[in-house]
Peer 1: 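This structure is in structure tokens; I'll ask about it shortly.
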Amino acid sequence: MKTLVWVEHDNKTVKDATLAAVTAAGKLGEVHLLVAGSGCAAVADEAAKIAGVGKVHLADDAAFEHALAENVAPLVVDLMGHHDAFICPATTTGKNIAPRVAALLDVMQISDILSVEDGDKTFTRPIYAGNAIATVTSSDPKLVITVRGTAFDKAETSGGSGTVEAVASTGDAGLSTFVSSEIAKSERPELTSAKIIVSGGRALKDAETFQEVIIPLADKLNAGVGASRAAVDAGYVPNDYQVGQTGKIVAPEAYFAIGISGAIQHLAGMKDSKVIIAINKDEDAPIFQVADIGLVGDLFKIVPELTEKL
Amino acid sequence: MKILVPVKRVIDYNVKPRVKADGSGVDLANVKMSMNPFDEIAVEEAIRIKEAGKADEIIAVSVGPAKAQETLRTALAMGADRAILVETDDTVEPLAVAKILKAIADEEQPGLIMLGKQAIDDDSNQTGQMLAALMGRPQGTFANTVEIDGGSVIVKREIDGGLETVKLTMPAIVTTDLRLNEPRYASLPNIMKAKKKQLDVKSPADFGVDTAPRLTTTNVSEPPVRQAGEKVADVDAMVAKLKALGIA
Ligand SMILES: Cc1cc2nc3c(=O)[nH]c(=O)nc-3n(C[C@H](O)[C@H](O)[C@H](O)COP(=O)(O)OP(=O)(O)OC[C@H]3O[C@@H](n4cnc5c(N)ncnc54)[C@H](O)[C@@H]3O)c2cc1C
Ligand SMILES: Nc1ncnc2c1ncn2[C@@H]1O[C@H](COP(=O)(O)O)[C@@H](O)[C@H]1O
């Protein structure tokens, strides 16, 4: 099977999320990549070095600068004339583009796969907030898949010897325009690739308290910072901090859940973490049912003490 | 302008799903069912747009069993004007739902179609994007704010790195994220009024859509259960454990 993997990037460098998708694609067969963007030739050169990669298709056009699905989907559909599967990381970009491609190809997308099973059209995927795992087989002639980043190892970023080939742009569909973005620049490790994550919940009271209590601990551990939906809804932190069924899926070496009750929607996003540490004043909080290390008590006393003693 | 709002009847988000022992699926017998939470947000947003004088009719649509009438009545009680049930007892995949919705949109000609970003049962996150593709129209997914501006809709989207704003030419498809609004509760008088609102019942065949699934589910199993570890007595004990594990 010949696969086409969507390369996630910012027109400068390849994003980590791409690497798990490449590994998943490798289980299906030959791996080709698509770098669609504007002024993104350096991304294609970097992508060609990813281990196991064959051809890198480079579509460099202003219409692709912001990866608008309306512009990108026709490009992918063209390339799917020569590929059997289109694979995206399950990022917000991948989730935006892949279903649009699937519908244009008249195939059912398989979302958020956890594994590739025997035969190359059978996969497992989580449903019901990860409370059940479904094994599904596609009967479509072509496959469109999004890949859960935490379920596959990352492909090596070197050792590959792919060739870059320019493809003609399909142009601007004239349906949508990019207006602006608010992307916070942070020195902190990105949530989906951080080795350690410190997350705070509703108990953190407000944005200021969240900063005062959670950030020093995260700094000490060089950790990424996450949050529950309740903390995001209440405005303690921006939306991209949300971990869970409908936020980011993470699986770090260590996940600190601080003042988070452990609703199923939150657990769905972090329960595959290697070690879970919970701090909560309610000894019956559901988070303790999945925690490896639990401490019952007031986080406002515990967290500063912990930060100091580490 | 009309707004079309597809709403799905799903397991209530407060219920912990149980996998059937024979691996055939999740047990939904005698389980509380509700409107998909993201669809409540979509209904609410449509109502707010209408209240702002920028829309004149809201049509709620559901594809599902006869019981999905309850879900539609909830949408009507919140403030939708009329409803369409496309009745079927089969599982209908997002691609087929999108095809049915396209057929309805062709008849109704809405300026805006507001869906949830994700149904919390299948967790597909596909239907809105597929509908936009089939209609050849723009999509504003994971909406954090929605603003109608003449013949365009400006959507601020929740993305992995933060927020992104796009401008879409209408007719357009929007899918909702959690921060778009807080849905209202239907008042008792409105629940009573909703019983008299128009609710048409159709079938997938009325729209010429083949709902045969493309994916076969051969097994549904429980994920590996995570064992709870131990509770420690104090911060010193926690620090010792973290050090032993090499975390600190
Ligand atoms: C459609 C839908 C999607 C959702 N998606 C997500 C998602 O992706 N991610 C997500 O997180 N949630 C999600 N949710 C929300 C989820 O159901 C919960 O409401 C949310 O996770 C609760 O956040 P919380 O644990 O911070 O708050 P709460 O449940 O209020 O818990 C606060 C905890 O803090 C503890 N506490 C309070 N004070 C202290 C103190 N001084 N010291 C120590 N502990 C203290 C309390 O004992 C309690 O356990 C979703 C819900 C819906 C309906
Ligand atoms: N059977 C259905 N009936 C009505 N709307 C649906 C149905 N299935 C999906 N939708 C809509 O599509 C959205 C996304 O669903 P999904 O793609 O299944 O995650 C939902 O939030 C609904 O707005």
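Chain identifiers are assigned alphabetically (A, B, ...) following the order of the sequence lines, protein sequences preceding nucleic acid strands; residue numbering begins at 1 within each chain. On a predicted model such as this, the values are computed, not experimentally measured, just so you know.
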Peer 1: Check whether any side-chain N or O of A/S139 sits under 3.5 Å from a backbone N or O of B/R214 as a donor-acceptor pair, and report yes or no.
Peer 2: yes
Peer 1: Among B/Q139, B/Q126, B/Q129, which residue satisfies the side chain to side chain donor-acceptor pair (under 3.5 Å) criterion with A/R100?
Peer 2: B/Q139
Peer 1: If you tally heavy-atom pairs under 4.5 Å against chain A, which of B/I159, B/N144, B/N125, B/V10 wins?
Peer 2: B/I159
Peer 1: Quick one: what part of B/E158 sits under 4.5 Å from any heavy atom of chain A, side chain, backbone, both or neither?
Peer 2: both
Peer 1: Which atoms of B/V235 come close to chain A, meaning under 4.5 Å heavy atom to heavy atom: side chain ones, backbone ones, both, or neither?
Peer 2: both
Peer 1: Go through the atoms of B/V26 and report whether side chain, backbone, both or neither lie under 4.5 Å from a heavy atom of chain A.
Peer 2: side chain
Peer 1: Just by distance, do the side chain of B/R226 and the backbone of A/Q289 share a donor-acceptor pair under 3.5 Å?
Peer 2: no
Peer 1: Give, as side chain, backbone, both or neither, the part of A/E190 having an atom under 4.5 angstrom from any heavy atom of chain B.
Peer 2: neither
Peer 1: Applying side chain to side chain contact (heavy atoms under 4.5 Å, CB included), can you list everything that pairs with A/A134, at least two apart in sequence or on another chain?
Peer 2: A/I127, A/V136, B/T217, B/V220
Peer 1: Find the one option among B/D234, B/V166, B/L163, B/T169 whose heavy-atom pairs under 4.5 Å with chain A are most numerous.
Peer 2: B/L163
Peer 1: Relative to chain A, which of B/A237, B/P224, B/G136, B/G246 shows the most heavy atom pairs under 4.5 Å?
Peer 2: B/G136
Peer 1: Below 4.5 Å from any heavy atom of chain A, which atoms of B/R137 appear? Answer side chain, backbone, both or neither.
Peer 2: both
Peer 1: Among the options B/Q227, B/K117, B/R18, pick out the one with the most heavy-atom pairs lying under 4.5 Å from chain A.
Peer 2: B/K117
Peer 1: Among B/R157, B/E182, B/E222, which residue has the highest count of heavy-atom pairs closer than 4.5 Å to chain A?
Peer 2: B/R157
Peer 1: So for A/D10, is it side chain, backbone, both, or neither that comes closer than 4.5 Å to the heavy atoms of chain B?
Peer 2: neither
Peer 1: Where on A/R125 is there a heavy atom nearer than 4.5 Å to chain B: the side chain, the backbone, both, or neither?
Peer 2: side chain
Peer 1: Where on A/I264 is there a heavy atom nearer than 4.5 Å to chain B: the side chain, the backbone, both, or neither?
Peer 2: side chain
Peer 1: Give a yes or no on whether the backbone of B/D160 and the side-chain of A/T92 come within a donor-acceptor separation of less than 3.5 Å.
Peer 2: yes
Peer 1: With chain A, which of B/T218, B/I11, B/L245, B/V239 has the greatest number of heavy-atom pairs at distances under 4.5 Å?
Peer 2: B/T218
Peer 1: So does A/L310 get a backbone contact from the side chain of B/K243, meaning a donor-acceptor N/O pair under 3.5 Å?
Peer 2: no
Peer 1: Heavy-atom distances under 4.5 Å only: say whether B/A98 touches chain A with side chain, backbone, both or neither.
Peer 2: neither
